[in-house]
Number of protein chains: 2
Amino acid sequence: MKRPQVAVVGAGFGGMQAAQSLAQVGADVLLIDRHNYNTFIPLLYQVALAQLEPELIAYPIRTLFRGQRRFRFLMDTVTRIDLPQQQIHTSQEVISYDYLVLATGSQPRQVDLPGVAQSAWMLRTLDDAIALRHQVITCLERAAHEPDALQRQQLLTFVIVGGGATGVEVAGALVELSRSLIRRDYPMLRRADVQIVLLQGGDRLLPDLPPRLGSYTHQQLRRLGVDVHLKASVSAVEPDGIYLQNGQSIATETVIWTAGLEASLPELVGSVAQNQRRKLAVLPTLQLAAYPEVYAVGDLANVQALPLTGVAPEALQAGVTVARNIRRQMQGRSPQPFQYFNKGRLAIIGCFTGVGKIAGIPITGFLPWFLWLAVHLVYLPGWRNRLLVLLSWLQAFGTGDRAARAILTSWHPSSASTAAPSTRSAQYPSTHP
Amino acid sequence: MKRPQVAVVGAGFGGMQAAQSLAQVGADVLLIDRHNYNTFIPLLYQVALAQLEPELIAYPIRTLFRGQRRFRFLMDTVTRIDLPQQQIHTSQEVISYDYLVLATGSQPRQVDLPGVAQSAWMLRTLDDAIALRHQVITCLERAAHEPDALQRQQLLTFVIVGGGATGVEVAGALVELSRSLIRRDYPMLRRADVQIVLLQGGDRLLPDLPPRLGSYTHQQLRRLGVDVHLKASVSAVEPDGIYLQNGQSIATETVIWTAGLEASLPELVGSVAQNQRRKLAVLPTLQLAAYPEVYAVGDLANVQALPLTGVAPEALQAGVTVARNIRRQMQGRSPQPFQYFNKGRLAIIGCFTGVGKIAGIPITGFLPWFLWLAVHLVYLPGWRNRLLVLLSWLQAFGTGDRAARAILTSWHPSSASTAAPSTRSAQYPSTHP
């Protein structure tokens with residue numbers, strides 16, 4: 001493999017942006033990712049709740065870089081990076097680089113609670129979304145033929161752990177699912193049997209947003225029939241229930257774990273500083289302190305004195321900054337600090353309601369809901385995908401009908417396979433848990 | 001499980017139509033299928049060659065039967081049917097019936113050639129299509145980084161066994177793939193390295209159509225760069241090649257097996273007559289001779305003196321006939337013979353060309369190509385799916401761009417899993433072969 005000028009590891013928002021910005025100015029770029037597609041993570045929950053097809057949020061990387069002559073893509077897993085030697089080890093080869101951009105993103109935070117890895121459903125990759133969709137629809141199918149009322153209740157109880165943006169949107173989407181799919185296609189099930197529970201360890205939902213927005217969200221979810229528990233800590237997860245530290249337990253077969261992220265990284269040889277979420281400490285210029293030719297962007301970077309919350313615009317802007325800084329370095333100039341321009345924050349709840357903060361002003365209700373969808377539609381790669389997603393939303397919100405994606409695929413990965421995504425081979429064996 | 005008046009086993013064209021026609025006249029119908037969706041088999045090859053998303057050709061059964069009060073659906077695998085006892089055994093329960101419609105369709109014919117089950121790729125279910133898509137794109141990705149010319153050639157050689165309609169359309173779609181995806185997204189690969197081989201055991205392609213149409217198809221495929229071999233018999237398949245009886249061998253990692261079908265049936269207890277393709281002999285009324293309350297439709301029925309070739313309209317019309325006949329029996333009247341109204345036959349080659357025979361007149365070129373797509377668009381279930389398929393085709397044929405579905409899914413079933421579809425559990429373990 002010819003030595004690239006710039007190696008970019010990870011094709012998420014940050015890595016893709018860095019690679020695009022670099023390729024556009026003619027740098028010799030090698031992008032490495034274990035998938036041959038970029039996943040639009042913000043819409044994963046819609047795949048998981050049978051609102052969108054998986055392919056609509058997965059864009060082939062080669063197609064995104066068509067025509068870029070000095071761009072190369074390698075679909076492989078990075079097992080180790082030797083920073084002093086400036087070498088990337090993949091499952092197939094060893095690649096030397098001049099400059100390196102680490103953009104491997106985040107994974108669900110590893111917790112030491114019994115049963116989580118085995119029985120809880122994560123939502124961080126397209127595989128996770130497919131697996132969760134399979135689980136939800138399987139529960140409905142089984143409940144449709146379950147004569148025992150308690151067992152049916154257990155099948156129709158969905159517990160979400162983690163009241164951040166992802167937990168909230170999953171709860172809202174489950175409400176939408178029960179109002180559309182369950183009502184129309186499973187008339188033998190009583191909607192009252194469907195229980196959606198949201199457990200938050202802290203004292204408010206959406207802790208990254210102002211408290212009043214968290215309260216509003218709490219009210220809305222309650223109005224929609226979601227059972228919200230604050231200051232609720234999980235002690236264990238089993239295949240047929242979840243146990244809380246206060247002694248309470250909930251009979252359920254579906255525990256969805258959206259309780260925090262940590263950085264996702266291959267093994268790094270060298271002197272790096274990581275915080276408790278495994279994030280790499282970087283200088284304001286996004287360089288690693290000990291290796292000026294190495295940059296980190298997105299969820300895996302901990303930028304000193306910048307309160308980043310792990311949203312896409314941060315990664316995108318950082319990707320642009322890194323590309324500019326590498327170019328400056330190539331020209332013998334010094335890199336500049338990353339300045340994040342915070343355009344605001346939006347969070348979707350569902351059922352035509354959301355929250356947000358734009359130019360410091362908190363907004364609630366229909367407007368942030370609409371803006372959230374509009375912004376994500378604009379950022380979604382691919383004209384065809386944007387059109388198809390828009391049509392799907394128009395049908396879903398116009399007619400209330402979203403059943404068309406509720407197919408129960410025979411192919412589905414294990415839910416426990418997201419444990420170590422950076423080191424996972426691109427083709428892992430799948431066994432149903 | 002409450003005893004249904006009519007049990008329909010299999011939700012393909014024939015079973016769905018029979019169930020729909022019966023439900024519409026208020027019969028108490030139980031439809032059983034191992035999947036919760038109906039697969040639109042004629043477009044499977046487009047999923048396999050990354051032209052359409054899998055969900056566009058899979059429609060949830062419950063959604064298709066919304067509002068039908070006396071319709072029930074059970075997602076389960078039928079393991080055995082006891083015809084004298086009038087009982088269906090599934091993995092979960094035993095169901096008695098008054099009337100039974102067998103509509104389990106077809107599977108690839110079991111051949112006794114070494115390596116076929118282990119190394120050849122079938123194309124009969126949605127799982128098959130996903131697995132084949134994964135295989136094709138993996139070969140491209142590997143070829144993109146393969147320095148050895150012979151190895152690269154082996155990865156880019158695709159051999160199709162069987163020159164019926166399915167083999168022909170797969171060959172044509174592979175040509176379309178090489179002209180669009182490979183040309184635009186894999187510029188490091190020379191199109192001349194891509195070899196598409198079509199092996200036909202008989203002396204002409206499309207044996208179900210008149211010889212001149214088979215010749216035309218042969219010419220067209222040759223013009224498109226496909227290497228067509230007639231009177232070619234396979235002796236063995238290996239993971240890295242295929243061996244012919246004439247001593248020739250072709251280095252390839254992708255052997256696509258479209259070489260004939262046989263009936264797909266659960267174990268039947270009772271006195272039934274099956275032919276060499278395992279098809280059930282039925283009376284002109286579509287009843288089993290020994291069991292007048294049992295009907296068979298579609299690919300698994302062998303109707304005396306009717307030259308059926310296993311296309312969708314036959315199954316659809318038979319489904320209507322069976323529903324009518326069961327209704328007549330319920331009213332104490334005698335069933336009537338099935339009369340197939342042959343509206344013609346179309347076969348698509350690809351690259352804007354096809355063949356067909358309408359009202360006895362053979363047609364070739366653009367018109368049958370267009371008609372084939374138009375007819376299948378009309379028959380595809382679901383307005384949303386029809387619209388999205390139409391948009392995909394407009395983009396593909398208008399711009400030549402079809403790359404958007406070329407994602408390499410980590411989730412994919414084993415290719416060998418189609419060996420015994422009727423007895424396969426809905427959730428089988430997946431291991432990459």
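Not measured: the values here are computed from a predicted model. Per chain, numbering begins at 1; letters A, B, ... match sequence-line order.
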About how many Å separate CG of A/Asp185 and CZ of B/Arg66, when rounded to the nearest 0.5 Å? 4.0 Å

Euclidean distance, A/Ile182 CD1 relative to B/Arg62 CZ, rounded to 0.5 Å: 11.5 Å

At a 4.5 Å cut-off on heavy atoms, which part of B/Phe65 comes close to chain A: side chain, backbone, both, or neither? neither

Separation between CZ of A/Phe73 and CD of B/Glu141, rounded to the nearest 0.5 Å: 5.5 Å

May I ask you to decide if B/Met75's main-chain N or O and A/His145's side chain share a donor-acceptor pair within less than 3.5 Å? no

Pick one of side chain, backbone, both or neither for B/Leu387, based on which atoms fall under 4.5 Å of a heavy atom in chain A. side chain

Rounding to 0.5 Å, atoms CZ (A/Arg384) and OG1 (B/Thr399) come to a distance of 10.5 Å

Rounding to 0.5 Å, atoms CZ (A/Arg133) and CD (B/Glu55) come to a distance of 4.5 Å

Would you please say whether a donor-acceptor pair under 3.5 Å links the side chains of B/Arg184 and A/Thr63? no

Which of the residues A/Leu391, A/Leu56, A/Leu388, A/Leu74 is involved in the greatest number of heavy-atom pairs with chain B at under 4.5 angstrom? A/Leu74

